[in-house]
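Data block below; observations after.
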Amino acid sequence: MPESRPQLSAPPRTAYLIASGDLRPAANAAGWPTQEALEKGVTEAFARLGWTVRRAHPYDPDKGHGFIDSQRAGLEVFKAIPPQAPLIVAEAVWQYSHHVLAGLRTHEGPVLTVANFDGTWPGLVGLLGVNAGMTKMDREYSTTWSVDFTDDFFLEGLREWTETGRITHDSSHVRPLPELPESPERTLGAAIAGQLRRDKAIIGVFDEGCMGMYNAIIDDELLNPLGIYKERLSQSALYAEMLRVPDEEADAARAWLEQAGMTFATGTDEATELTDRQIREQLKMYIAALRIADDFGLDSVGIQYQQGLKDLTPASDLAEGLLNNVQRPQVTSRDGSRVLYEGRPLPHFNEADEGVAVDALITHRIWTAMGLDPATTLHDVRWGEEYEGRFVWVWEISGSVPPSHLTGGYAGAVSWRQNPVYFPAGGGTIKGVSKPGEIVWSRLYIAGGGLHLDIGRGSVVELPAEETERRWAATNPEWPIAHVVTHGVSRDQFMARHKANHAQLAYAPDAATADAALVAKAVAFQELGVTVHLCGEVRV
Ligand SMILES: C[C@H](O)[C@@H](O)[C@@H](O)C(=O)CO
């Protein structure tokens, strides 16, 4: 018989604190000082309310951090937490949600996720990821964030949570998609949805479940009614195909990129610098991904890259940004007889995020039908600060965007080595500054057992070069940056509402065209049975 465990009771005015971490030891050790500062700020703020914060798991001196660094570790930690205790999930780094979701699923007390509003490590990204995981599993939670843990918004939120077990946020910026008048965009959206349902499409997933992102897995039973089916592929097959690509083909792709104006910041130290060998392997991955996509007739593809591949070969980012761009080095079938996906992107969903896969596929089709640049990408919702009186987000995906999104296009794209903390085998990014312009932003997510889309308008704005450099230095300078202003959505409204670590964006040439494209996209999703929410100032 399994032994029963004694019932643990929750002490009064005490919250337990857990910290989910990365799976990669280097990332956990590097982010630990920032996590300590967050926990100190949170503990002091609770103390002011007469509450004690008790850490539920210790710092490990051998590992150099105090994060929960595996699902198993998470299960063990939860055994010692009284089931009814108020529980804080504190996140200052990127974290793998599955480390704690099992425990959170059955925990009976109120849960509060909290992050430092700071760009040093992707803690806000981690917070949004775990929130989205709990949203998908219908686990109730509250969430908050703070720059220095002394502001009224934060303290008032903690007071409310300690008194009621909940924090209420302002969601007055969200409304359902209303009945829309006849328009060419409405017709287009409905037609794109009809075609997808009728003819169906395939998204190819090279290993599902990247970095513990439970929220980024869309179950087939939710996905298939949209007409979208998964082709489950293995990263081993991708690597095997890379081995078949001759050096000359990869080198021709590199020559094409350099001809187009892209530069590579290369060196010779494999451990810390970007090398010609790494770039060659990355371009073999680009070619191999297109060939496998062609073999399986894919409409979109995603490479998770992490677990496994990161220890074998350089980062997938260079391949990913190129796949999402219309103009890119030409790739033929293995026998050289056919150009693959000629003159168009093969929409790629980074980190195998299937919410991105669906969004990118539909965006690609609508933007193409409207004669717009269909290049679309996700970004991490990384951080942000006010600049001259308005809040400007740092949206910064961890490696690459399609070069047409950058000021200067390929000429504005520089490839830097990925950070050894996350990417031991190196590889180059596609770094640059996203061009100023009008955008449609969105996110597909699972809530209440169904699919939802939040969609809004925004602008990518230009900031002075020094401000861009400051923001890069405060985050990851090797990654592409977008200075995003969300229309009619404040920082706190966005943070409270957003159900993903990622946000999708696509450009339009002017505001009126962006409004029209948003209508077509919203209608397409609605026709597919997705519940559409308009966020902020949106003209429909
Ligand atoms: C390298 C990092 O782990 C990133 O991959 C991470 O911050 C994310 O992109 C999460 O969306």
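FYI, side chains are in, hydrogens and waters are out, and symmetry mates aren't considered; it's all heavy atoms of this structure. All ligand and atom numbering here is 1-based and tracks the order in the structure.
Checked against the 6.0 Å centroid threshold, Trp393 and Phe494 count as a close aromatic pair.
Taking every non-hydrogen atom of His502 and a distance limit under 4.0 Å, the qualifying atoms of ligand 1 come out as 11 (O). Here is the list of ligand 1 atoms found below 4.0 Å of a heavy atom in Ser398: 4 (C), 5 (O), 9 (O). Atoms of ligand 1 lying under 4.0 Å from any heavy atom of Pro122, numbered from 1 in the order shown and given with element: 7 (O).
Assignment of Arg24 to the shell around ligand 1 is supported, since a heavy atom sits closer than 4.0 Å. Heavy atoms of Met211 come nearer than 4.0 angstrom to ligand 1 in at least one pair.
Considering each of Trp121, Trp94, Tyr305, Trp479, the one bringing a non-hydrogen atom nearest atom 10 (C) of ligand 1 is Trp94.
Side-chain atoms of Glu39 and Leu17, non-hydrogen and from C-beta on, do get closer than 4.5 Å to each other.
Contacts with ligand 1 closer than 4.0 Å are made by side-chain heavy atoms of Glu351 only, the backbone lying farther away. Neither the backbone nor the side chain of Gln306 has any atom closer than 4.0 Å to an atom of ligand 1 (non-hydrogen atoms only).
For Thr135 (side chain) and Asn131 (main-chain N/O), a donor-acceptor pair under 3.5 Å exists by modelled atom type. Formation of a donor-acceptor pair under 3.5 Å by the Gln95 side chain with backbone atoms of Gly126 is found in this model.
Other residues, nucleotides and ligands place more than 12 heavy atoms under 6.0 Å from the CD atom of Glu231.
If you check the side chains of Ser404 and Asp373, you find a donor sitting under 3.5 Å from an acceptor.
Any N or O atom pair closer than 3.5 Å counts here, and Tyr422 shares no such pair with ligand 1.
For Glu281 and Arg277, the salt-bridge test passes: some basic side-chain N is under 4.0 Å from an acidic carboxylate O.
Nearest to atom 7 (O) of ligand 1 among the protein's heavy atoms is Asp380 OD2, 3.2 Å.
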